[in-house]
Amino acid sequence: MTSPLSSQAFSSNILRLEHSATLAVASKVRSRREKGLRVIDLGLGEPMFRTPASVNAAAVQAISDGHTHYTAVEGLSSLRAAIAKDTERVSGRGVKPEQIVVTTGSKQALFNACFVLFGEGDDVLIPTPAWPTYSQMVTLARAEPVAVRGDSSNDWKVSADILASAATNRTRGLVLNSPCNPTGAVYSPAELEEIVRLAAERGWWVIFDEIYRDLIYDAEPGSIMGLNVSNSKTIVIGGVAKNFAMTGWRIGWAIGPEDVVGAMTAVQSNTTSNACTISQYAALEALTSQDAAAERRVMLSVLRARRQMALELLDSVDAEFSHPGGAFYLFFRVGNNTIGSSEAFASRLLDEHGVVVVPGSAFGAEGWIRASYAGLEEDLAVGLNAIASCLR
Ligand code: PLP
């Protein structure tokens with residue numbers, strides 16, 4: 001359950017901000033740990049792999065070299081050039097460093113994009129199930145998040161038709177995520193082209209979250225920037241957190257029209273300034289070194305094998321699930337859509353087996369569960385077997 005943070009002591013800025021929907025599970029986990037009981041955590045949204053060794057070494061070197069001061073607010077020019085080159089590698093399209101701002105995690109890029117582009121009176125379409133932070137960010141910008149239910153028979157993806165029928169004359173944009181957290185679904189270029197064409201016709205902003213871009217199993221990584229159709233009002237969000245197991249380094253970025261990126265940089269300059277300088281050197285190494293790329297490929301192959309194991313298990317119990325073409329999540333059905341059904345399943349899994357998963361209700365999909373296969377190796381088989389036994 002979510003709970004509003006409203007209090008007479010707080011300003012109207014956060015009137016509609018909600019606590020995390022997973023608080024109930026989190027407090028149960030804490031009390032299990034306090035009692036010394038084992039917790040098998042398949043609830044995490046991060047790959048529990050080591051950051052590539054050469055990235056760690058680059059950060060230490062940056063400190064030794066005295067790179068411990070401010071950089072330009074928008075980030076090191078060498079890092080922005082590396083992001084531009086990496087984007088060109090997957091999209092075939094060139095971008096100028098002036099179109100890029102480096103941020104403290106992709107979360108800051110997403111927030112600043114919402115803050116700069118949306119405001120009072122604007123509706124923002126959010127294909128659902130969705131990472132709950134999107135609607136909170138839209139709310140903080142005083143705009144209205146509009147959940148648009150995806151098609152559960154097409155891995156919960158939305159089509160241009162679904163978006164068009166949810167739109168009103170207040171619609172100003174949408175936030176799209178592929179590969180998707182929580183479903184693992186990957187939009188095909190054809191599906192994206194339809195959506196981008198519609199957005200261009202309607203003059204909508206598209207904030208496209210590609211944070212899981214390189215964690216893709218059935219195709220080559222692509223980018224919305226590489227499509228045959230384009231919408232000049234597109235902001236691409238990326239980062240190193242998930243692709244290089246660098247969640248704690250907090251480096252993300254936004255790529256978009258120069259004026260939007262300039263406005264986002266102005267917001268950043270008055271809030272946090274540049275992203276951590278040492279982490280920027282680490283991210284530069286991640287994007288440019290062969291060693292880091294090799295370690296990323298190893299992580300991907302481990303995740304691919306784990307995904308296979310998980311899919312076989314879900315198949316063996318006839319579970320209904322979204323096809324996880326990317327990211328590292330399983331999204332499966334546990335019951336009907338009655339309120340509380342996914343929380344009840346998650347609670348039972350935790351109480352009876354010590355396994356943590358996230359109820360689909362947190363993402364707007366009651367009756368479904370998200371489990372991550374990117375946690376600790378030793379937890380996965382135990383966790384999956386517990387899920388299978390509860391599903392049976
Ligand atoms: N976008 C999605 C869809 C995510 O799942 C997450 C993290 O869980 C983020 C963005 C934030 O990533 P970062 O660590 O770069 O802020």
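When a ligand or atom number is given, it counts from 1 through the structure's own listing order.
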* Asked: With Phe118, which residues qualify under ring pair (Phe, Tyr, Trp, His ring centres under 6.0 Å), at least two apart?
  ->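 Counting only residues at least two positions away or on another chain, Phe118 forms no ring pair (Phe, Tyr, Trp, His ring centres under 6.0 Å).
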* Just checking, Lys242 and Phe328: is the charged tip under 6.0 Å from the six-membered ring centre and within 45° of the axis? ->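 Lys242 over Phe328 ring: no.
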* Find out whether Ile195 and Leu176 are in side-chain contact, i.e. whether some heavy atom of one side chain is under 4.5 Å from a heavy atom of the other. => yes
* Structure fact -> Lining ligand 1 at under 4.0 Å, by non-hydrogen atom distance, are residues Gly105, Ser106, Lys107, Leu110, Trp131, Tyr134, Asn177, Asn181, Asp209, Ile211, Tyr212, Ala241, Lys242, Arg250
* Asked: Would Tyr329 and Tyr212 count as a close aromatic pair, with their ring centres under 6.0 Å?
  ->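 Yes, close enough.
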* List in chain and number order the residues that pass side chain to side chain contact (heavy atoms under 4.5 Å, CB included) with Glu352, two or more places apart in sequence or in another chain; answer none if no residue qualifies. => Arg348
* Can you run down the ring pair (Phe, Tyr, Trp, His ring centres under 6.0 Å) pairs that involve residues 38-77, sequence neighbours left out, and say none if there aren't any? =>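 Every ring pair (Phe, Tyr, Trp, His ring centres under 6.0 Å) pair that includes a residue of residues 38-77, provided the two are not neighbours, is His67-Tyr281.
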